[in-house]
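Okay, structure first, notes after.
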Amino acid sequence: MSGKVRPEALTGVPRRLWHQNLSLLRNRRLRRMLDLAGHEVRFGLPAPGDGVLVWGRSPTAWRGEALAARQNLPLIRVEDAFLRSLHPGRATGEPPLGLLVDPVGVHFDAGQPSRLEQILLTDDLQNSNLLTRASVAMARIKHLHLSKYNTHDPDLTAPPPGFILIVDQTRGDAAIRHAGASEATFRRMLDAALRDHPDARIVIRSHPETSANLRPGHFGPADADGRVTLLTDPVSPHRLLSAAAEVYTVSSQLGFEAILHGHRPHVFGQPFYAGWGLTHDEQPLPRRTRRLSADQLFAGAMLLAPLWYDPCRDQLCPLEDVIDQLEAETRALREDRMGHVAAGMRLWKRSRLQAFFGTPQALRFRDDPARADKLAIATGRSLILWAGKEPPGFTPKAPCLRVEDGFLRSRGLGADLIPPLSLVTDDRGIYYDPSRPSRLDALISAPLPPGGRDRAEALLSRLRQAGLSKYNLTGQPLPPLPQGHRILVPGQVEDDASIMKGAGTVRTNLALLQAARQSNPGAVLIYKPHPDVVAGLRPGAIPDESLAGLADITLPSANPAALLAEVQEVWTMTSLLGFEALIRGLPVTCLGAPFYAGWGLTRDLGPVPDWRGTADLASLAHAALIGYPRYWDPVSRRPCPPEVILDRLSSGPIPGPGRLNRLTAKLQGRFASLAYLWR
């Protein structure tokens with residue numbers, strides 16, 4: 001999906017926009033987004049041909065309104081879009097991911113038209129490509145439990161289905177007053193719900209800012225009486241809307257989201273989504289004459305009207321990129337909100353682990369897993385444990401996430417202390433251990449999420465084109481290769497956990513080569529030792545005399561992606577190169593049980609878990625590259641989707657390790673080499 005915004009997106013907005021508001025002066029995100037859209041935002045007095053910028057119907061907007069009227073200049077109002085951020089801006093100052101820039105009015109003011117209303121009235125909303133995008137984006141938003149603010153907890157359950165949902169809002173909000181409503185409207189709404197449904201349970205959902213004690217709402221504990229319940233817990237709005245029998249609202253965005261769930265909400269104000277034939281309107285708007293489908297309403301409000309911003313790439317983007325970004329950020333918040341105690345983490349990894357898992361609560365580190373487990377229980381945290389450091393027979397009592405490097409790791413080796421850009425987290429097992437089901441197994445087996453197939457296939461296409469792999473070492477140019485049917489045999493670290501846990505009877509690089517040669521006597525075998533083995537850091541070296549007659553050529557420093565383009569087949573025990581070969585359409589023979597074996601995609605000569613079924617490449621890739629790992633962008637310093645990491649690995653900047661890391665890497669390499677020699 002292109003990150004460019006259509007040229008007509010800000011038609012009618014002058015290039016230079018002036019304001020007289022200190023809050024807009026401090027709003028760097030707003031200035032940056034408008035700058036990317038081709039506009040200059042300035043503080044001071046405008047000249048002829050300029051525009052005046054105000055924030056919606058804020059208490060200070062009157063200054064700009066008066067100035068624009070006095071000088072007969074265009075007045076431009078700006079407001080948050082409908083997917084805003086993790087937290088309310090009032091709570092943390094977190095900037096928005098989207099803006100509605102309006103030279104006509106403002107979307108929540110029914111007293112006059114707005115640019116959004118004009119789009120819904122006049123734009124071509126029959127376009128099949130637009131409606132397909134809308135349908136997929138709607139499904140993704142519901143599946144991911146995304147809303148304007150995203151501090152809710154999707155694991156919390158809604159009340160038993162069949163209740164009538166009443167949506168509260170914050171008292172004094174401009175979206176109420178300008179929607180033709182007042183405080184009395186909320187009381188009238190509740191009375192109507194009680195009258196219309198005399199035997200039903202009524203659930204009043206408090207606004208997130210009210211639950212956080214930031215602004216009062218219209219209902220409180222005194223309204224919870226008999227069959228009326230006040231819900232202040234951060235239950236996902238999508239869980240509530242799925243379970244509700246009817247929805248009543250004044251002008252809340254939840255009324256819009258209710259339409260996405262198939263409701264026809266009872267609307268007591270005049271919000272942007274009322275009047276299009278999708279709501280029961282207590283106050284009809286005669287000028288809204290067009291009848292819309294939910295997909296068309298969504299297309300206008302979410303695809304056509306807003307400016308969307310990608311905070312990692314620092315560019316304007318389509319809605320789909322914002323959904324990707326919020327998926328990464330909400331996952332991190334939801335997994336980390338209670339905090340973690342980390343065990344088995346080497347010192348040089350801890351700063352990156354803190355970046356991945358230490359927000360909003362900093363990690364607490366303990367070397368011993370048993371002590372870390374006790375601390376986690378005592379403090380109400382969960383345990384995160386480096387999977388390879390889990391003691392035999394260890395059974396944590398706290399909720400536990402096992403952590404390992406992801407499959408798009410870095411530009412350089414972990415042995416050189418290059419920090420990872422991706423980490424996998426597993427609450428069931430770990431991907432390289434086939435003795436028990438892992439979270440990755442469950443993800444591969446599960447149906448693809450909405451839009452998942454297209455996203456996985458686009459990711460695979462980019463991986464192939466960019467020639468990316470786990471470590472992305474440049475390597476030496478390939479020499480001329482022998483002609484014939486070439487089989488790549490990747491060597492591994494022989495004491496690696498994937499070998500110890502997942503190998504079959506063939507458990508050494510020499511035995512792997514012997515098995516490949518025995519089954520393919522006339523093939524050209526290309527042996528690529530593992531980089532850590534080549535560096536002398538880990539066991540797995542094959543003496544030169546043993547290679548004779550087995551490997552036709554040995555390429556210790558070749559670029560794996562370039563090598564995969566020159567071979568016709570791969571034989572492996574459990575190497576990730578087998579997965580990278582599958583991505584490139586190569587046949588793969590497995591003598592062990594790596595995570596990608598046993599799904600009908602490989603020829604399996606070793607035992608594979610009986611719980612694995614059949615999967616296609618898109619399902620495997622989505623699970624392994626999108627659903628299973630978490631990614632962290634070292635440039636913007638925030639969680640990010642895998643597409644951002646592809647940009648960084650292919651051509652973008654990646655901050656390198658500092659001098660201390662390099663010195664530690666040299667010391668680690670020196671002591672590891674000595675330890676290996678002393679065995």
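Excluded from the calculations below are hydrogen atoms, water molecules and symmetry mates; all remaining heavy atoms, backbone and side chain alike, are included.
The main-chain N or O of Leu625 is found under 3.5 Å from a side-chain atom of Tyr631 such that the two form a donor-acceptor pair. A distance-only check finds no donor-acceptor pair linking the side chain of Glu494 to the backbone of Ile499 [under 3.5 Å]. Using a distance-only test at 3.5 Å, with no hydrogens or angles considered, no donor-acceptor pair links the side chain of Ser519 to the main chain of Ala516. Arg486 places no side-chain N or O within 3.5 Å of a backbone atom of Gln483 that could act as its donor or acceptor partner. A donor-acceptor contact shorter than 3.5 Å is absent between the side chain of Arg648 and the backbone of Asp633. Under a 3.5 Å cut-off, the side chain of His340 and the backbone N or O of Ala342 do not form any donor-acceptor pair. Checked by atom type and distance alone, the side chain of Arg612 pairs as donor or acceptor with a backbone atom of Ala597 at under 3.5 Å. With hydrogens and angles disregarded, a donor-acceptor distance shorter than 3.5 Å links the side chain of Arg584 to the backbone of Glu580. Proximity of a side-chain donor or acceptor of Asp604 to a complementary backbone N or O of Cys590 within less than 3.5 Å is not detected. At least one donor-acceptor pair closer than 3.5 Å links the side chain of Tyr628 to the backbone N or O of Tyr431.
Applying the side chain to side chain donor-acceptor pair (under 3.5 Å) test between Asp336 and each of Arg331, Gln361, Arg630 identifies Arg630 as the sole match. Considering Asp321, Val322, Ile323 as possible partners of Leu97, the one that fulfils the side chain to side chain contact (heavy atoms under 4.5 Å, CB included) test is Val322. Considering Thr572, Leu577, Asp532 as possible partners of Gln492, the one that fulfils the side chain to side chain contact (heavy atoms under 4.5 Å, CB included) test is Thr572.
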**side-chain hydrogen bond (donor to acceptor under 3.5 Å, both in side chains) between Asn129 and Thr132, worked out** = CA-CA 5 Å; Asn129 291 333; Thr132 297; 5.5 Å; no
**Request:** Apply side-chain contact (heavy atoms from CB on, under 4.5 Å) to Tyr596 and Leu601, showing your working.
**Result:** CA-CA 8 Å; Tyr596 51 86; Leu601 298 170; over 6 Å; no
**Item:** Trace of the side-chain contact (heavy atoms from CB on, under 4.5 Å) decision for Leu563 with Leu478
**Value:** CA-CA 7 Å; Leu563 195 49; Leu478 295 181; 4.0 Å; yes
**Message:** Set out, in order, the CA-CA distance, both residues' side-chain angles and the distance that settles side-chain contact (heavy atoms from CB on, under 4.5 Å) for Val635 and Cys312, then state yes or no.
**Reply:** CA-CA 7 Å; Val635 178; Cys312 294; over 6 Å; no
**Prompt:** Given Glu566 and Lys528, is the salt bridge (Lys or Arg N to Asp or Glu O under 4.0 Å) satisfied, shown in steps?
**Reply:** CA-CA 13 Å; Glu566 300 297 330; Lys528 185 187 185 316; over 6 Å; no
**Prompt:** For Trp571 and Leu525, what are the C-alpha separation, side-chain angles and deciding distance, and is it a side-chain contact (heavy atoms from CB on, under 4.5 Å)?
**Reply:** CA-CA 9 Å; Trp571 273 58; Leu525 296 194; over 6 Å; no
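Nearest approach of Met573 to Pro594, heavy atoms of both residues: O-CD, 3.6 Å. Pro639 approaches Ala332 most closely through the heavy-atom pair CG-CB, 3.9 Å. What you find for Leu303 and Leu319 is that their closest heavy atoms are CD2-CD2, 3.6 Å. Here the shortest heavy-atom pairing between Ile553 and Pro479 reads CD1-CG, 4.1 Å. Considering all non-hydrogen atoms of both residues, Tyr432 and Ala497 come closest at CE1-CB, 3.3 Å. When all heavy atoms of Ser636 and Pro311 are compared, the closest pair comes out as CB-O, 3.7 Å.
Inter-residue side-chain proximity for Leu550 and Val489 is flagged as unmet; no heavy-atom pair is nearer than 4.5 Å. You'll find the side chain of Pro490 reaches within 4.5 Å of the side chain of Val570, heavy atoms only. Two residues are said to be in side-chain contact when any heavy atoms from C-beta on lie closer than 4.5 Å; Arg402 and Ser438 fail this criterion. Contact of the Tyr309 side chain with the Gln315 side chain is not registered, since no non-hydrogen atoms from C-beta on lie closer than 4.5 Å. Between Thr602 and Val608, the closest side-chain pair of non-hydrogen atoms is not below 4.5 Å. Looking at heavy atoms from C-beta onward, Phe394 lies in side-chain contact with Asp373 at the 4.5 angstrom threshold. Two residues are said to be in side-chain contact when any heavy atoms from C-beta on lie closer than 4.5 Å; Pro634 and Arg352 meet this criterion. Residues Leu649 and Ile654 meet the side-chain proximity criterion, which asks for heavy atoms closer than 4.5 Å.
Counting heavy atoms of neighbouring residues, nucleotides and ligands inside a 6.0 Å radius, atom NZ of Lys501 does not exceed 12 of them. A 6.0 Å sphere centred on CD of Glu545 holds more than 12 heavy atoms belonging to other residues, nucleotides or ligands. Atom CZ of Arg371 is surrounded by 12 or fewer heavy atoms from other residues, nucleotides or ligands within 6.0 Å. Applying the 6.0 Å contact sphere to CZ of Arg350 captures more than 12 heavy atoms from other residues, nucleotides or ligands.
Here the CD1 atom belonging to Ile583 is positioned 9.5 Å from the CG atom belonging to Leu564, to the nearest 0.5 angstrom. Atoms CG and CG, from Leu86 and Asn150 in turn, are 6.0 Å apart once rounded to the nearest 0.5 Å. Annotation: the span from Tyr471 atom OH to Ile418 atom CD1 amounts to 11.5 Å, rounded to 0.5 Å. Atom CH2 of Trp386 and atom CD of Glu404 lie 5.0 Å apart (nearest 0.5 Å). Considering CH2 of Trp599 and CG of Leu620, their distance stands at 8.5 Å, rounded to 0.5 Å. Interatomic distance, CG of Asp616 versus NE2 of His622, reported as 11.5 Å (0.5 Å rounding).
In this structure, Phe595 has its ring center closer than 6.0 angstrom to the ring center of Phe407.
The residues Asp427 and Arg439 are annotated as salt-bridged, a charged nitrogen and a carboxylate oxygen being separated by less than 4.0 angstrom. With respect to the salt-bridge test (charged N to carboxylate O, under 4.0 angstrom), the residues Arg462 and Asp647 qualify. Checked for salt-bridge contact, Glu320 and Arg455 miss the test: no charged N lies under 4.0 Å from a carboxylate O. A salt bridge links Asp552 to Arg517: at least one charged side-chain nitrogen sits closer than 4.0 Å to a carboxylate oxygen. Using a 4.0 Å cut-off between a side-chain N of Lys or Arg and a carboxylate O of Asp or Glu, Arg140 and Asp324 qualify as a salt bridge.
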